[in-house]
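Quick notes on the structure that follows.
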2 protein chains.
Amino acid sequence: MRISAKGEYGVRAMVILALVFYDGPVPLREIAERECISYQFLEQIFLPLRRAGLVTSVRGAKGGYILAKPPNEINVGDIIRALEGPIAPVECVAEGKADSCSRGDICLTRGVWQRLRDSMSEVLDDITLADVLCMSADST
Amino acid sequence: MRISAKGEYGVRAMVILALVFYDGPVPLREIAERECISYQFLEQIFLPLRRAGLVTSVRGAKGGYILAKPPNEINVGDIIRALEGPIAPVECVAEGKADSCSRGDICLTRGVWQRLRDSMSEVLDDITLADVLCMSADST
DNA sequence: ACAAAGCCGAGTATTTTTATCGGGATTAGA
DNA sequence: TCTAATCCCGATAAAAATACTCGGCTTTGT
């Protein structure tokens, strides 16, 4: 029941980008160093983030990445979905998937996974990057 | 963000045991056949379930497994924990673990994972095997 | 021109998952 | 008492997913 390192690193990196949102693009090397994440792995993580429209890249010297939208318009669910695909505890209840389970209506456990999925989505979609910054400010 | 086949099979098998709770022990072969799960894999799944006190085994001919408690006293969270360990989207917020994250208080994302974990636990702990039977009875 | 940065397909190493195997221990019933 | 059914369990194997690494290309500020 874990998210992958990809997802975890992605969220951490995005939080950093939220933190410095008004300072212009930040190069990945900087984030990698700050968060102790392999630079090359982080590169791989930012490809899907960009393709999902969550970050904008600036190429060339003085380039880097910047959030494509303000921190309060990007939620953690967006990030997780971009990196790990649809949220689903089991495949047959994946978000956006037609009810195509071969076990169909005889499946007794489907409801459980649907409730779990909905609950997970709800939490993750409710927390924006701005919220994350606030949350940690609160607890300090 | 998936549970493993082990967890999924385990829940399915336990639902079957709930269904036939008053018929005495059921051999694993029967469950395996009915749910299209490898018998030997199912054996592996039932070891931890027994050790967690969720099922009772009856050895020898005419033996099998039976729920150790009535269906309304076993919830899905118990089963998942027995099979997959503590519920936690990332390791550092695992249930029952001291706050030992090396990143400690500088970790901005911890709160997110805690909220997700709590939400997942709450849902899973709230659904008993009896509920699962009812849920599917409802939707028929 | 050159260095700093992103872009990206391919490859590899490690870990986890999903089983499978083979034999032993227990017990109901013939 | 014999046998077949059944659980018990450590070891191993195969497959899949994960977590990176590599190498080279493209873009751009100075």
Side-chain angles (χ1 to χ4, degrees), chain A residues 1-13 17 20 23-68 80 83-86 88-91, chain B residues 1-13 17 23-68 80 82-86 88-91:
Chain A
M1 241 2 198
R2 301 276 168 87
I3 67 163
S4 66
K6 212 165 156 179
E8 195 193 333
Y9 293 170
V11 172
R12 265 161 58 188
L17 286 188
V20 299
D23 300 349
V26 180
L28 283 192
R29 290 212 183 270
E30 216 169 282
I31 299 177
E33 196 169 337
R34 180 157 175 179
E35 289 290 319
C36 300
I37 299 169
S38 144
Y39 162 68
Q40 292 182 307
F41 194 31
L42 206 54
E43 265 193 324
Q44 294 226 328
I45 291 169
F46 270 75
L47 283 188
L49 290 177
R50 178 172 56 82
R51 289 180 181 142
L54 298 177
V55 295
T56 302
S57 63
V58 180
R59 301 183 70 170
K62 295 278 175 180
Y65 285 94
I66 188 170
L67 295 186
I80 299 290
L83 295 173
E84 315 221 333
V90 301
E91 203 201 339
Chain B
M1 242 359 200
R2 301 275 166 89
I3 66 163
S4 66
K6 210 164 159 179
E8 194 192 334
Y9 292 170
V11 173
R12 266 161 58 187
L17 286 188
D23 300 349
V26 180
L28 283 192
R29 289 211 185 271
E30 216 169 282
I31 299 177
E33 197 169 336
R34 180 158 174 179
E35 289 291 318
C36 299
I37 299 170
S38 145
Y39 162 69
Q40 291 181 307
F41 193 31
L42 206 53
E43 266 192 325
Q44 294 226 330
I45 291 169
F46 270 75
L47 283 188
L49 290 178
R50 179 172 56 82
R51 289 179 181 143
L54 299 177
V55 295
T56 302
S57 64
V58 180
R59 301 183 70 170
K62 295 278 174 180
Y65 285 95
I66 187 169
L67 295 186
I80 298 290
L83 295 173
E84 315 220 333
V90 301
E91 203 200 339

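Reminder, nothing fancy here: chain letters follow the sequence lines and each chain counts from 1.
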Applying side-chain hydrogen bond (donor to acceptor under 3.5 Å, both in side chains), name anything that partners [X], two or more places apart in sequence or on another chain.
| X | result |
| --- | --- |
| A:E33 | none |
| B:Q40 | none |
| A:E43 | A:Y39 |
| B:E91 | B:K97 |

Atom pair [atom1]/[atom2] of [X] and [Y] - distance to nearest 0.5 Å:
| X | Y | atom1 | atom2 | result |
| --- | --- | --- | --- | --- |
| B:Y65 | B:L42 | OH | CG | 8.5 Å |
| A:L49 | A:K6 | CG | NZ | 9.5 Å |
| A:I31 | A:L17 | CD1 | CG | 4.0 Å |
| B:L83 | B:Q44 | CG | CD | 11.5 Å |
| B:R2 | A:M1 | CZ | CE | 10.5 Å |

Would you please name every residue forming a salt bridge (Lys or Arg N to Asp or Glu O under 4.0 Å) with B:E84, sequence neighbours left out?
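Partners of B:E84 under the salt bridge (Lys or Arg N to Asp or Glu O under 4.0 Å) test: none.
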
Toward the 5' end of DNA chain C, which comes first, A:G63 or B:Y9, by nearest nucleotide?
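The 5'-side residue here is A:G63.
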
Starting at the 5' end of DNA chain D, which residue's closest nucleotide do you reach first, B:R29 or A:K6?
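Nearest-nucleotide comparison on DNA chain D picks B:R29.
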
Could you say whether B:S57 or A:E43 is positioned toward the 5' end of DNA chain D, judged by the nucleotide with the nearest heavy atom to each?
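First, find each residue's nearest nucleotide; the 5'-ward one identifies B:S57.
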
How is [X] classified with respect to the nucleic acid when contacts are heavy atoms under 4.0 Å: base, sugar-phosphate, or nothing?
| X | value |
| --- | --- |
| B:Y65 | sugar-phosphate |
| B:Y39 | base |
| B:R50 | sugar-phosphate |

Protein-nucleotide distance ([X], atom [atom1]; [N], atom [atom2]), rounded to Å:
| X | N | atom1 | atom2 | value |
| --- | --- | --- | --- | --- |
| B:E8 | C:dT17 | CD | P | 15 Å |
| B:L28 | C:dA19 | CG | P | 15 Å |
| B:I37 | C:dT18 | CD1 | P | 12 Å |
| B:I3 | C:dT16 | CD1 | C1' | 16 Å |
| B:Q40 | C:dG23 | CD | P | 13 Å |
| B:L83 | C:dA19 | CG | P | 14 Å |
| B:L42 | C:dT20 | CG | C1' | 14 Å |

Contact string for nucleotides 9-15 of chain C, one letter per nucleotide 5' to 3', B = base within protein heavy-atom range under 4.0 Å, S = sugar-phosphate only, - = neither, reads -B-----

Protein-to-nucleotide contact annotation, 5' to 3' order, nucleotides 25-30 of chain C [B base; S sugar-phosphate only; - none; under 4.0 Å, heavy atom]
BBBS--

Taking OP1 and OP2 of C:dT20, is either one under 4.0 Å from a side-chain nitrogen or oxygen of B:S38?
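Affirmative; the distance criterion is met.
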
For B:L54 versus B:A82, what's the shortest heavy-atom pair and its separation?
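B:L54 and B:A82 have their closest heavy atoms at CD1-CB, 4.1 Å.
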
Distance-only donor-acceptor hits, side chain of residues 55-63 of chain B, under 3.5 Å, sequence neighbours excluded:
none

Reading DNA chain D from 5' to 3', where do the contacts with chain B start and stop? Cut-off is 4.0 Å to heavy atoms.
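The contacted stretch runs from D:dA5 to D:dA11.
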
